[in-house]
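Worksheet: the structure to be examined is printed underneath.
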Amino acid sequence: MTVMTYARAINRALAEELERDADVFIMGQDVGAFGGAFGVTRGLQERFGRRRVFDTPISENFLVGGGVGAALTGLRPVVELQYADFIAVAMDEIYNKAAKWRYMHGGLFSVPLVIRAPGGLAGGAGPEHSQSPEGLLLSAAGLHVVTPSTPADALGLLKSAVRSSNPVVYIEHKGLYGLKGEVPDGEHLIPIGVADVKREGTDVTIVAWTSMVHRALAAAETLAAEGIQVEVVDPRGVRPLDTDTILASVQKTGRLIVSHEAPAPGGAASEVAAYVAEHALDYLAAPIQRVCGADIPIPQSSDLEQYAIPSVDDLIRACRSALSYR
Amino acid sequence: MTVMTYARAINRALAEELERDADVFIMGQDVGAFGGAFGVTRGLQERFGRRRVFDTPISENFLVGGGVGAALTGLRPVVELQYADFIAVAMDEIYNKAAKWRYMHGGLFSVPLVIRAPGGLAGGAGPEHSQSPEGLLLSAAGLHVVTPSTPADALGLLKSAVRSSNPVVYIEHKGLYGLKGEVPDGEHLIPIGVADVKREGTDVTIVAWTSMVHRALAAAETLAAEGIQVEVVDPRGVRPLDTDTILASVQKTGRLIVSHEAPAPGGAASEVAAYVAEHALDYLAAPIQRVCGADIPIPQSSDLEQYAIPSVDDLIRACRSALSYR
Amino acid sequence: MATRDTYRGLYTGMLRVATWEQRLLRMIEEGRTSGFYHAGRGQEATAVGATMPLRRDDYLLYDHRGMGHAITKGVPIDRLFSDFLGFREGTTGGLGAGIVHIAWPEAGVLGQSGTLGGSFPIAAGAGLSALYRGTDQVVLCFFGDGASNRGTFHESANVAALWNLPVIWLCENNGYAVSVPTAEAISVAQISQRAIAYDMPGTTVDGMDPIAVYDAVSAAVERARAGGGPSLIEAMTYRYRGHYEGDPQTYRTREERDEWEAKDPLVMFPRRLIDEGYADEQWIEATRISVSEEIEAAAATALQGSKPPVSRIFDNVYA
Amino acid sequence: MATRDTYRGLYTGMLRVATWEQRLLRMIEEGRTSGFYHAGRGQEATAVGATMPLRRDDYLLYDHRGMGHAITKGVPIDRLFSDFLGFREGTTGGLGAGIVHIAWPEAGVLGQSGTLGGSFPIAAGAGLSALYRGTDQVVLCFFGDGASNRGTFHESANVAALWNLPVIWLCENNGYAVSVPTAEAISVAQISQRAIAYDMPGTTVDGMDPIAVYDAVSAAVERARAGGGPSLIEAMTYRYRGHYEGDPQTYRTREERDEWEAKDPLVMFPRRLIDEGYADEQWIEATRISVSEEIEAAAATALQGSKPPVSRIFDNVYA
Ligand SMILES: Cc1ncc(C[n+]2csc(CCOP(=O)(O)OP(=O)(O)O)c2C)c(N)n1
Ligand SMILES: Cc1ncc(C[n+]2csc(CCOP(=O)(O)OP(=O)(O)O)c2C)c(N)n1
Ligand SMILES: [Mg+2]
Ligand SMILES: [Mg+2]
C-alpha cells in the first residue's frame, strides 16, 4: 500500500495503461506538456511522447466523436473533457454515437473508449463548471458510467475502464483531487458496476457517490457516538447500478438515504429510490429520503455554492429523521 | 368543441399565437413552405409570411442558441427540432444556455423560448429518431418540459408555452399526430405543470405520459370489465411535475404504476416513484412498478421496436400484480 | 488515370446500385419492409465514382442517401436486402434498416450516423487511428449539402487539416436538404469554397460524371495515402426521387427534374462507353443481364431469410 | 475616422479597464474574492478599441478574458467589483462572478457563455432579432483563438452571412488557448481566413493598436447597420498574465513575453497621443489621476456592500 492523492492515482492508472497497451492514447485540451487543467496528466507526454499523449483544439464534438472513430478502428482512446459539464456540449457524440454505435450496427463493432470528465464543485467555478452530470447518462444504454470516491477506486476503476470493450464515462470529482488514501501497490483493478460498502452499519443505509461518500462517512462517525450505526454504500458508478448490494443493505437496515451533489430530479438518487420502492418496499421502516443538491443551477459564489449541495448536517438530520419515524 | 387531430391542434396553436403576438416567430428545418417534416406547420408561412415562419440550415446548435439570443432581446421564438432525439445535438444550448441564462446572469433576463421536439416511435425510424428524451431534461432547472397526450392538451399547452416567460421544451409525440379529439373552440390555455386525471378510479393509479396515456386508458377499460377501477393521471409534462395530483391519487388508490416509452433509468417514472417513496410510503399497499421502455436503444425494425416500449398488456399485468400483492 | 476496366467497372457498379435500389423499392411497394428509405436514384455517379478508388481496408462513412457507397465498398447485397426486410441475415442481425445503420467492418464500412453530421468526428477519428497505427488507410466520409452546415464539420475539418489526417470529405450536393434549397441554407456559392478555411484542397466536380468523380477522389486518395492530408470534394448531383418515398416534392419543378434527368448517368455513361470505345452494345447488354441476375439472386436469397426472435433486441447493447 | 476625442477616449477607456483589473487583483490577493479570474492585461487595445464604436443599444457578448469589453460597454464598475466580491450589489445580485456571468441589459451587455463557443449562436440570434424588429442595432461577439474551433462558430457564421445579420465576430487571437499555441490548434495561419468560407469580409488587425481595432470595427459596424451583414475581425494580441491567476506558464518563454510587452498599449498609446498631438503630458497625467480616483471610489463603494442571504440562491431560477 502507498498513500497517494486521488489525482495521482488517476495519473498512475493512465501511466500503467499507456505502458501496458500500445493502443491506448490520451487526447484532450492541455493534457500534453501542460499536464492538464488540474495537473492530472502531468508527466505523461514527457514519458510516452507526443504520439501517445497530445493536445487537441477546443472541439468537444470532435474529441468524443473522434474517440469513437478511433475506438471503432482498433484503438483505445482516453479522451478528457476539461469539465464534466461539457458532456452537454458533446451529448450527441456520447449519447447517440458512443453508446449506440455498437447496438445500432448490429453488434459488429465495439467501442473501447474512455471519457474522463471532472465534475463537482471546485470553489466558485460557477453553473457551467461545477455540475455532476452523471444523471444525464442514466438512460444511455450501451455506456458505462463510473464515479470514484477514493484514490484506490480512482486507480482501479480507471484501469478497468481503459480495458473495457465498452465506452465508459469516468466522472472524477475535482474537489477530491487532493484527497489522500491508501492504494494497493501492484496491479489494481476494480470491476465496473460493483458497489463498495465503505462503512458497515445496521440502522440506516446511506447510498452516496463521490464527494458525498465522505460526507456520509463523516455523518456516520458523528452518529456512531450516539450509538447509531450507519451503513455507507458507494455504488462507484451509476450505470450499471449495483442494485444487489443496495438492496441487501436496505433489507438489513430498513432505512434508506440517497445522496449526491446533483439535484434530485433526474439524478441517480431517484433511480435508487425507485428501484428500492419496487423491490424492497416491505423492508422499509421509514420513507426513503433523497438528500441531494438544490434544484437550481450552481451559484458562482464560492460561499453560496456550498448551499447548493448537501452538508454533513443534512445527512445527520436525515438519518435521525429516518430513525425517529413513527 | 371541434374534433381535430393532434397535429392540427398544434398547427392551430401556432397560428393563434402568431396572430396574437407579432413577436412570435417560427424557425426550423422545412417548417416554411414545405409545412414541416410531419406537416405540422402547414400553411403557416403562406399565411404569416417568410419573416414570421422560415426555414433554417441543418444547424441545431444555432437553432436553439439563436432562439435564446432572440428571446433575450425581446422576441418569442418557437423553434422546431425535427426529431426530439436532436435535443442531444443541442444539449449545451438547451441545458446550459436556455435553462441557465437567466439564473446565472442574476435574473436580468427572461428567456421566452419554445422548443418543439417530436418524440416517440414512428414506425421504424430507428435509435436516433424515435426516442422520448424528456428524462434528459429532468434536472434542467430553469426549463419547463411539457408533453401533451391529446389534441386539446396539445393546443392548450403550446399556447401557454408560447406565452411563458420561461424556456419551454414541448415534446409532441409523432405517433399521436393523427389522433383525433375534441378541442374547445375559443381561447384554450392549459397551465404548465398541472396534471390531468384522464380517468378516475379507486383501485390503482397509473401515471403515464403521451402515448402511454392511451395505453393506460385501454388497460383501464379492459380492467373495468373486471370491476377494477384504474385512475389514469397524465402529468402533461415532467418539469415542473405536479406531485400534488400524483400524491392525492396514490393516497386514494394505494397502488402506483408509472409508465412511459423511455426506459426506466433516468426517466420521469423514476422521479415519480422516488417522490412517492419519500412522501406517501405509508399509503402504498403494493410496490411501485415502473412499466417503461426496455433499457436498450430502440431497434430500427418496425416489428421489433414495439417490443421496446410497454404494451397495454404490460400495464394490465402490472395492475393485476399490484392488486394481488400479498 | 481511368482505364477501360475503370470505365466498365464504374458502369457495372452504378448499374448494380440502381438495380438493387429498384428491387428494394419493389419490396417497399409490396409492403415487405417498413424502413424509411431515402432513394439514391440519380446520384450513382457520385456514390460509385467516389467509392471505387478505395481499397478494401480503407474506411467508409456513408450517408442516408441511397446505398451506393456501401454496396460499392463491399457490403454483400443480399445481406443489405435482409437488413431492409428486418431479417436476421442482415448486417444488423435483424434489427432492421432504414434511415441508417448497415455496416461491414471487413470491407471498412464503419456505418452511418442518424444524426446528420455525426459522422464527421468519427471519420476524423478513424483517420487519426490510421495515422496512429502507421497504416496508409484512408477514410471516405460522405455527407449532403444540408449536413455540411453542422458544426461538427468545422471541428472535424480543422483537426483533419491540422494533423494531416487521411480523410476525404465528399459532399453530395444535390441541391436540397429535404425541401430547403442550398441557396437558402448555405452562405457560399460552392461548398468546396469552405476548404480554404482549413487550408485543405477543395474542388467541385460534376457529380453526374462518374469519371470526373473517380478522378478527383483518386487524386485525393493518393494524396492522403502519401501523408498529404485531407481534401474536400463537392460533387454536384441531383436526386430523381423525393427526399423520402412519398415526398410531395412541392419544392421543385418538373422542368428542373427534367433538366437533371437528361444527365442521368445510367443513360449517358453507357453511351459514352460506346462512343469512346470502352465497350460495345453487346457488353452493355450482357452486363445489364448479369447485374439483373445477380440482384435477383440476391433478392431471392434474402427473401428466404427469417425474422429474428423478439429477444434479439436485447443483444449487442454491450460487448 | 478617429478624431481627437476618439484617441483620448480610447486611452481613458484602456486605462479604466487596466486600473480596474489591477484593483481587482488586489482584492483577489487580499482573499476577498474567490472567483476564478482570467486577466485581460495586455489585451486592452482590442477589448476597448472594438467596443468603443458601439452604440449603447447595440448588443455585446463578451468572453472570459478580462472585463474590458463589459466595462467599455457600460457595466458600472462598482457593480462589477461587487460581483467579484459576491455582494448583492453586483449585477448578479450576489451570485458571484468569476469565469463569467456579468450582464447589463440596459447597456446591451447580454452576458457570456461559460462553455466556450456558446455565445456564437446567441449572438446570431440577437442579430436575427435586430433584423426582425427592424432596428439598426448590431451585435459584437468576442471570442478567443481557442474558441474559434468550436462547431458553433460554423453554424452561426453561416446563418449570419446567409441572412445578412448585423454581427461582428471579433476574435481576440492571443496566441494561446490555456497552454496550447494557435499553431497546434488551428489549421490556418490566420483565423480571419475562415471568413471566406462564409462569404463575409475577414480581416486581421494589430490588436495592440487601439486605433487599428477601432477603425476596423467601426467599418464593420457601419456595414452591418446598413444591412451589409456580418464581418470577421481577428485582432492579434497577447495576454501578459497567465491563463488564470496562478498559471505556471510553462508553455511560453520570457523572451516572447518581453517582445509583446514592448507593445504594451498602455505604454505605447499615450506616447503616440503626445507624438501625434492628441494630448499632452499634462492631460495624460490628469487622466491617470482621475481614472485612479474613479476606480478607487468604485472599489470603496463596492467594498461597503454586503453578501446576500443564503436564500438568494433560490431566486431567479424562473421568471
Ligand atoms: C442533426 C440532424 N438534423 C436533421 C435531421 C433530419 N434530416 C434527415 S435527412 C435531412 C436532409 C439532409 O439533407 P442533405 O444533407 O443535403 O442530404 P440529402 O437528403 O439531400 O441527400 C434532414 C434535415 C437529421 N437526421 N439530423
Ligand atoms: C466548450 C469549452 N471547452 C473548454 C473550456 C475550458 N476553457 C476555458 S478558457 C479555455 C481557453 C480558451 O482559449 P481562447 O479561446 O483562446 O481564449 P483565451 O483564454 O486565450 O483568452 C478553455 C480551454 C470551456 N470553458 N468551454
Ligand atoms: Mg442534399
Ligand atoms: Mg487565446
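Since we're looking at a predicted model, the values are computed, not measured. Here is the naming used below: chain letters follow the sequence lines, and residue numbers restart at 1 for every chain. Values reported hereafter were calculated over all heavy atoms of this structure, with side chains retained and with hydrogens, waters and symmetry mates removed.
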field: Residue D/Phe120 versus chain C: region with a heavy atom under 4.5 Å
entry: neither

- request: Could you tell me which non-hydrogen atom of D/Arg150 sits nearest to which non-hydrogen atom of C/His154, and how far apart they are?
  value: O-CD2, 3.3 Å

message: Given heavy-atom pairs under 4.5 angstrom as the criterion, report whether the side chain, backbone, both or neither of D/Ala183 touches chain C.
response: backbone

- line: Tightest non-hydrogen contact, residues D/Ser187 and C/Ala197, listed as OG-O, 4.2 Å

Those residues of residues 155-179 of chain D, ordered by number, that approach chain C below 4.5 Å (heavy atom to heavy atom): D/Glu155, D/Asn158, D/Ala161, D/Leu162

statement: Heavy atoms of C/Ile196 and D/Gln193 approach each other most closely as O-NE2, 3.1 Å

field: chain C neighbours within residues 137-149 of chain D, where any heavy atom lies under 4.5 Å away
entry: D/Ser148, D/Asn149

